[in-house]
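The residues of the chain are indexed from 1 along the displayed sequence.
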Amino acid sequence: TATPDEQQHLLLGEDDRVVATERALLANGVTVAFSHDSIPLAVLPNDFAIDTITGSLFGLLESHGVVPRTAVTTIHAATGPGIGWGDVPEDSVYSLLKQTHYTVTGQPVLRSWTYFIEGRFQFSILRTR
């Protein structure tokens, strides 16, 4: 069942369901981020099997005709023992990206909370006016 955050950002009701994943993102075998992602179950086919999820969530959505085109992102610093798992120092600092991804028609189709480990990932931002 969708959490209050998922309900708000994915425009879902209290009884709506999501496909929720938790993943470690690797670069050259090293963990660079931890991601908690949610897709509204309603955007996937009725016969969708959860055990078919592998690889890219964008690839999964696109294979079912759902194409995210834009995202709204907030960026925060984060730290704490409840973030991540595995071989990560206890005092790690993270850049948390909270993102909602939308189709070209503005339908929200993916909510992500991704914790990027400081020093293991670099961002560049292009702002236009």
Self-check item: Residue pair P108 / P40: nearest heavy atoms and the distance that separates them
Solution: O-CG, 4.1 Å
Quiz item: Of V67, L61, L60, which is the lone residue that meets side chain to side chain contact (heavy atoms under 4.5 Å, CB included) with H64?
Solution: L60
Exercise. Drop me the distance from Y94's OH to I117's CD1, to the nearest 0.5 angstrom.
Key: 5.0 Å
Quiz item: To the nearest 0.5 Å, how far apart are OG1 in T100 and CG in L110?
Solution: 8.5 Å
Practice problem: Indicate the ring-plane relationship of Y115 and H36, choosing parallel, tilted or perpendicular according to the 30° and 60° boundaries. | Solution: perpendicular
Quiz prompt | L44-I50 co-clustered via ILVMFWY side chain contacts under 4.5 Å | solution = yes
Quiz item: Do S112 and Q99 have a side chain donor and acceptor closer than 3.5 Å?
Solution: no
Practice problem: Apply side chain to side chain contact (heavy atoms under 4.5 Å, CB included) to the pair L96 and I75, showing each step before the final yes or no. | Solution: CA-CA 6 Å; L96 169 58; I75 303 171; over 6 Å; no
Quiz item: Hey, are the side chains of T31 and R120 touching, using non-hydrogen atoms and a 4.5 Å cut-off?
Solution: yes
Quiz item: Counting only heavy atoms not in R23, do more than 12 sit closer than 6.0 Å to its CZ atom?
Solution: yes
Exercise. Please tell me if the side chains of V18 and I39 come closer than 4.5 Å, counting only heavy atoms from C-beta onward.
Key: no
Quiz item: Taking atom OG of S63 and atom CZ of F58, what is their separation to the nearest 0.5 Å?
Solution: 13.5 Å
Quiz item: If you round to the nearest 0.5 Å, how far is NZ of K98 from OG1 of T74?
Solution: 5.5 Å
Quiz item: side chain to side chain contact (heavy atoms under 4.5 Å, CB included) between H9 and V72: does it pass, once the steps are laid out?
Solution: CA-CA 10 Å; H9 293 279; V72 174; over 6 Å; no
Quiz item: Should D16 and L41 count as side-chain neighbours, where that means a heavy-atom distance under 4.5 Å?
Solution: no
Exercise. Test side chain to side chain contact (heavy atoms under 4.5 Å, CB included) on T1 and D15 and set out the steps.
Key: CA-CA 6 Å; T1 305; D15 296 326; 5.5 Å; no
Practice problem: Evaluate the criterion side chain to side chain contact (heavy atoms under 4.5 Å, CB included) for residue pair W113 and D5; output intermediate values, then yes/no. | Solution: CA-CA 11 Å; W113 287 44; D5 178 82; 3.3 Å; yes
Practice problem: Determine whether V19 and I53 make a side-chain contact, defined as any pair of heavy atoms from C-beta on separated by less than 4.5 Å. | Solution: yes
Quiz item: Would you call S92 and E118 a side-chain contact if the rule is heavy atoms closer than 4.5 Å?
Solution: no
Quiz item: How far apart are the closest heavy atoms of A2 and Q7, and which atoms are they?
Solution: O-NE2, 3.0 Å
Quiz item: Going by heavy atoms in the side chains, are T103 and V66 under 4.5 Å from each other?
Solution: yes
Exercise. Could you tell me whether R111 and D37 have a side-chain N and a carboxylate O separated by less than 4.0 Å?
Key: no
Quiz item: Which heavy atom in A27 sits nearest to a heavy atom in V32, and how many Å separate them?
Solution: CB-CG1, 3.8 Å
Quiz prompt | Residue pair V109 / Y102, side-chain heavy-atom distance below 4.5 Å | solution = no
Quiz item: Hey, what do you get for CD (E14) to OG1 (T3), rounding to the nearest 0.5 Å?
Solution: 12.0 Å
Quiz prompt | Aromatic ring proximity F116/F123, centre distance under 6.0 Å | solution = yes
Quiz item: Which distance, rounded to the nearest 0.5 Å, do you find between the CD of E6 and the CD of Q8?
Solution: 11.5 Å
